[in-house]
Asker: 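Just dropping this structure here.
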Amino acid sequence: VDVVGTLLAGKTFQNHAEVVDFLTQCCGLVPLAEAQRNAVLEAIQTLPEPAQWSANAPAANAQLTHVLAMLLCTPEFQFD
């Protein structure tokens, strides 16, 4: 999935936390519990700062796709 070129295109993020919060909103989730948010943040901490992602989009997309999967698996996203 080209997360960098689609969902994040044209947006400016100062840090990983802003990206996680934005993707959470894109999924229509209520704000994540602190422990869940920290787990998601941990999944992308190896990436450089967001401003550098387009220079290495394949690596960024791989981890951001994993983040989206994590968000979609949260109890907040599950419907009864």
Side-chain angles (χ1 to χ4, degrees):
V1 176
D2 186 7
V3 180
V4 173
T6 56
L7 287 175
L8 304 182
K11 297 174 182 57
T12 303
F13 301 99
Q14 299 301 313
N15 54 51
H16 295 107
E18 287 183 7
V19 174
V20 168
D21 293 341
F22 177 76
L23 292 176
T24 299
Q25 290 174 345
C26 285
C27 291
L29 297 174
V30 297
L32 295 173
E34 195 67 26
Q36 289 174 315
R37 186 172 181 268
N38 288 340
V40 175
L41 277 169
E42 209 172 288
I44 61 171
Q45 287 305 311
T46 59
L47 287 174
E49 291 302 311
Q52 300 173 8
W53 290 353
S54 59
N56 192 3
N61 281 326
Q63 286 188 281
L64 292 169
T65 299
H66 178 71
V67 165
L68 287 174
M70 289 176 72
L71 292 172
L72 296 177
C73 291
T74 62
E76 291 82 358
F77 191 76
Q78 305 305 308
F79 297 104
D80 290 329

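Excluded from the calculations below are hydrogen atoms, water molecules and symmetry mates; all remaining heavy atoms, backbone and side chain alike, are included. All figures in this text were calculated on a predicted structure; none of them were measured in a lab.
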Asker: Is there a side-chain contact between Gln36 and Pro75 in this structure, where contact means two heavy atoms from C-beta onward sitting under 4.5 Å apart?
Answerer: yes
Asker: Which heavy atom in Met70 sits nearest to a heavy atom in Ala43, and how many Å separate them?
Answerer: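 For Met70 versus Ala43, the nearest heavy atoms are SD-CB, 3.7 Å.
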Asker: At their closest point, which heavy atom of Phe22 faces which heavy atom of Leu7, and how far apart are they?
Answerer: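 Closest pair (atom of Phe22, atom of Leu7, distance): CE2-O, 3.4 Å.
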Asker: Identify the two heavy atoms, one from Leu47 and one from Ala60, that lie closest to each other, and give their separation to 0.1 Å.
Answerer: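 For Leu47 and Ala60, the tightest heavy-atom pair comes out as CD2-CA, 3.7 Å.
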Asker: Show the nearest heavy-atom pair for residues Ala9 and Gly5, with the distance to one decimal.
Answerer: CB-O, 3.3 Å
Asker: Do other residues, nucleotides or ligands put more than 12 heavy atoms under 6.0 Å from the CD atom of Glu49?
Answerer: yes
Asker: Could you report the tightest heavy-atom contact between Val3 and Asn61, atom names first, then the distance?
Answerer: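 Scanning both residues, the minimum pair turns out to be N-OD1, 2.8 Å.
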Asker: For the residue pair His16 and Pro50, what are the closest heavy atoms and their distance?
Answerer: N-CG, 4.2 Å
Asker: So, taking the atom named SG in Cys27 and the one named CG in Leu68, what distance separates them when rounded to the nearest 0.5 Å?
Answerer: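 One gets 5.5 Å once the value is rounded to the nearest 0.5 Å.
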Asker: So, do Leu64 and Val19 sit near enough that their side-chain heavy atoms are less than 4.5 Å apart?
Answerer: yes
Asker: State the CG-CD distance between Leu71 and Gln25, to the nearest 0.5 angstrom.
Answerer: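 These two atoms lie 11.5 Å from each other.
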Asker: Which value, rounded to the nearest 0.5 Å, describes the distance between Leu8 atom CG and Glu18 atom CD?
Answerer: 11.5 Å
Asker: Which distance, rounded to the nearest 0.5 Å, do you find between the CZ of Phe13 and the CG of Asp21?
Answerer: 9.5 Å
